Every structure is written in C-alpha cells, then in structure tokens.
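Reviewing the structure listed below.
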Amino acid sequence: MQRFATAREAALSLRPDDPVYCFRPDVLKADARGFMSMFPGKTAYAVKTNGEELVLRTLVEAGVTAFDVASPGEFRAVRAVSKDAEMLYMHPVKAQSDIKLALETYGIRVIAVDHEDEITKLTRVVRALDIDPGQITVFVRIQTKGSAAYELSKKFGAGPANAVELAQRLHRTGYRVGVCFHVGSQIHDPDTYERALASADWVRNRVGFALAGLDVGGGFPADYGHDPASKVPEMPSLGQLMSRLRADLAEWQFDEVPLVAEPGRVIVARAFSLIVRVLLRKGRRLYINDGIWASLSDSWTGKITLPARFIADPAIRSRNGEETNIVPFKVCGATCDSVDILSRPFWLPETIDTGDWIEIGHIGAYSLSLRTRFNGFYPDTFVEVTTPFEEGDAPQGFASLETMATP
Ligand SMILES: *Cc1c(COP(=O)(O)O)cnc(C)c1O
C-alpha cells in the first residue's frame, strides 16, 4: 500500500479519478486502545462496522482479543487474522446451521438470544454436538429505549418480563446466563446507557440467580462534524461518557458482574478518510465519484454531518483564483439513482470546480462495509496516510440543509 503524509499529498500525486480510502493504522490502534483503557470489561469489536482484513489485523496488533460477530462470513474474517481471538455471536436471530458452524467449527461459546425459539435452536445444536451447556454463556437481549441515529429497539430485544422467563429457562437447561442490550448506533443522549442499565437491573432482580455477565453493546458516538443547525444536542466526549457509564455501573451495582462492550463506530470512524473527485460542478451542486450506494450511505441514512476538506487542483486555482468564501454545496453521488444525493451539504470554497478533490473525514464506520456494486461503481483503492485527519488544514466547515444561506 502506498504511503503519504496527508490525503492532499496522495491526491496531488495520484490525481485519482476513483475514490481513494486513506487508512490511518496508528489512529485505529490509538482509538482501540483508548476505548479498552476506559471500559472496565472486555472489549469486543463489532465486525460489521468495518470488517476489512487490514482493519481486523490492525486491531489484533493493537491488542483487541474479542470480536462481536453475526455471520459465517464474519467468523471467517476474524479467524483469518487471529487463531485464538474470542468471538461473541451476538446476533439474536440465527440460522440453525450457522449456530452449528459457530459452536462446532469456530469454537464459539458466547451467544445472544431474544426469543424462546432461538433457545430451542441453540439447545438442539448443543445436544447434537454433545456440548456441556455450562460451557456456553447465553446473553438474553433486552429491549431498550433511547435516541440514536440508528434505533434498534424496535427490531430486537425481549421485553423485561419475557427476558426473565428466557433467562430462567436457559438457567434450568444449565447455561451460564447474562443480559445484553444494544442501544442503537451513534447515541444522541448521554442518559441512554443508564436507562438500559435500569432495565437490566429489573431483570436481574427477578431471575433468582447471579448473572454471568452484562454486555452493554455498542452505540458509543464517534466524532463527526458539528452541525450548528442540528436540534440534536452535542454529545459529551467519549471520556466523559465513559466516566458517566462507569459511575452508572457502580450505582446499579453492575461493577461486580463481568462486563462486555461491543463498540464499532467509535473505534474505526477516525481511521479512514476518503478522497473524492468533483466530476462536475453545476451551480451550487457538486457531482462526486462516490455516494450513498458506495461509501456514504451511513451519513445519508443517519443524517450525519461529515467533515470535508478541500483539496485544490493547482491547475484549476490558476484559472479560478484562490479559495475565497466558504459556501454550502449540495453533493450528488456517482450513480444514476435520483435518491443518491447526500442529506447534508458540504461547506467548501466558492471557487471549487470540476476536477478538484475533497477529503471526507471520519468515514471508517459503515462505509466500506456497506459498499454496493450498484451501477458498476465500487471504490476499492487504499493508501496509508500517517497524519490524523484533524491535524491537517482545518476542514472547511459543516452545516445542514436548513442553513443553506452563507453564514
Ligand atoms: C452494530 C452493533 C454493534 C456496534 O454498534 P456501534 O454503534 O457501531 O458501536 C454492537 N453490538 C451489536 C449487537 C450490533 O448490532
């Protein structure tokens, strides 16, 4: 992989017409180690966030030893980079053949359920393979309420009373039993974990045995651009959120229970930026060579404001003059699909033109993993960049569509 100090150097040297992912392994290691040093339990990286081999390998180098996996493809991806990493199979709804593969071939011994029929499937496989249920930790996933860019409480999780029944049934069969939740991705409200802990506590007080673990899931917010027009309050830093979580865990007396977290976004978001090229400028609209069907679907559905930095083509500057006012541009994606328009504008110099580049920061999470081949576009070029995104020239600025006027 070619190495550059900054994305600007990469763009001006390669003059790429295709999108280029700028990977920052040292940032990834620092963010993974930072999370592990703050969280008082086991950190299991959520593979779906970004399951690229170079990411998983770098995380193993950083000392990550546990991974949250959801499918045979993810089991394989983790095994390919580590013979002995622990895998936690935390998808509540699973094919029976996948459960068998997990237990038999990959030695997985931690699994999540949120329905009695999932327990039936699991126990069928456990009996057929003659595994002692006492070697398996089953986490009962409980429903949570919260506010996040991606809400998952409507899709997964058992109501509290049902969770108690499921936990008791698992306990009677001889499994080790824990409680887990996942509050959704990119939470908006620092009280989210405390509300979930209160539900977990309600369940714990009724099951009649000691829990083998509490898994607080993911959802930890990554840093993106702050949108001045957004009604969503700005989140505290990860450090502040973690001290709050540690205090809540102590207050609810979960600090004696073995803890697990499944962070994804917060670990990998900063590790990548993306160089895109302006294929065409049409008034205040920029057509770029990536979009919602490639690297940018997460920012589109989650209405996330990504930081963007202008990379001027020197040839165009001699024609258009230097960067002047920073103004909002509507950004259209590469495909012929009419919905392929970003939900947030990029604020960029008024002189930006066809042929210039833009570096989009903090796109490591839910970007590469959500790429499609729609319309024949599939970005797949990688370079390594050594300087963190934040340390280059300041990003141009961000805002929402509601404030399309010049500031
Ligand atoms: C997606 C997912 C995660 C990771 O969520 P982030 O918001 O990226 O931290 C963790 N646990 C489960 C069960 C998930 O589905």
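Atoms within each ligand, like the ligands themselves, are counted from 1 in listed order. Every heavy atom of this structure was used, including side-chain atoms; hydrogens, water molecules and symmetry mates were not. The model shown is predicted, which means the values in this text are computed figures rather than measured ones.
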Legend entry - Any donor-acceptor N/O pair, R281 side chain to G283 backbone, under 3.5 Å: yes
Inset, instruction - Say whether, by atom type as modelled, one donor and one acceptor occur between the side chain of D248 and the main chain of Y193 under 3.5 angstrom. - result: no
Legend entry - Close aromatic pair by centroid cut-off 6.0 Å: F382 and F23: no
Legend entry - Centroid-centroid under 6.0 Å between H362 and F272 rings: no
Inset, instruction - Report yes or no: does a heavy atom of Y366 sit under 4.0 Å from some atom of ligand 1? - result: yes
Within ligand 1, which atoms have a heavy atom of [X] less than 4.0 Å away?
{"X": "P263", "value": "9 (O)"}
{"X": "R265", "value": "6 (P), 8 (O), 9 (O)"}
{"X": "A46", "value": "3 (C), 4 (C), 10 (C)"}
{"X": "S185", "value": "6 (P), 7 (O), 8 (O)"}
{"X": "R141", "value": "13 (C)"}
{"X": "E262", "value": "3 (C), 4 (C), 9 (O), 10 (C), 11 (N), 12 (C), 13 (C)"}

Legend entry - Atom of N289, atom of D18 and distance for their closest heavy-atom approach: ND2-C, 3.5 Å
Inset, instruction - Return a yes/no value for G264: is any of its N or O atoms, backbone included, closer than 3.5 angstrom to an N or O of ligand 1? - result: yes
Legend entry - N or O contact, G219 vs ligand 1, cut-off under 3.5 Å: yes
Just distance, no hydrogens or angles: give the donor-acceptor pairs under 3.5 Å from side chains in residues 63-76, sequence neighbours left out.
unit_1 : atom_1 : unit_2 : atom_2 : d
S71    : OG     : E74    : N      : 3.4
E74    : OE1    : A70    : N      : 2.8
E74    : OE2    : K48    : N      : 3.4

Inset, instruction - Answer whether the closest heavy-atom distance between the side chains of V331 and I341 falls below 4.5 Å. - result: no
Legend entry - Region of H91 that comes within reach of ligand 1 [heavy atoms, distance under 4.0 Å]: neither
Inset, instruction - Record the part of V266 in heavy-atom contact with ligand 1 below 4.0 Å; permitted values are side chain, backbone, both and neither. - result: neither
Legend entry - Geometric cation-pi criterion, R204 with W202: 6.0 Å, 45°: no
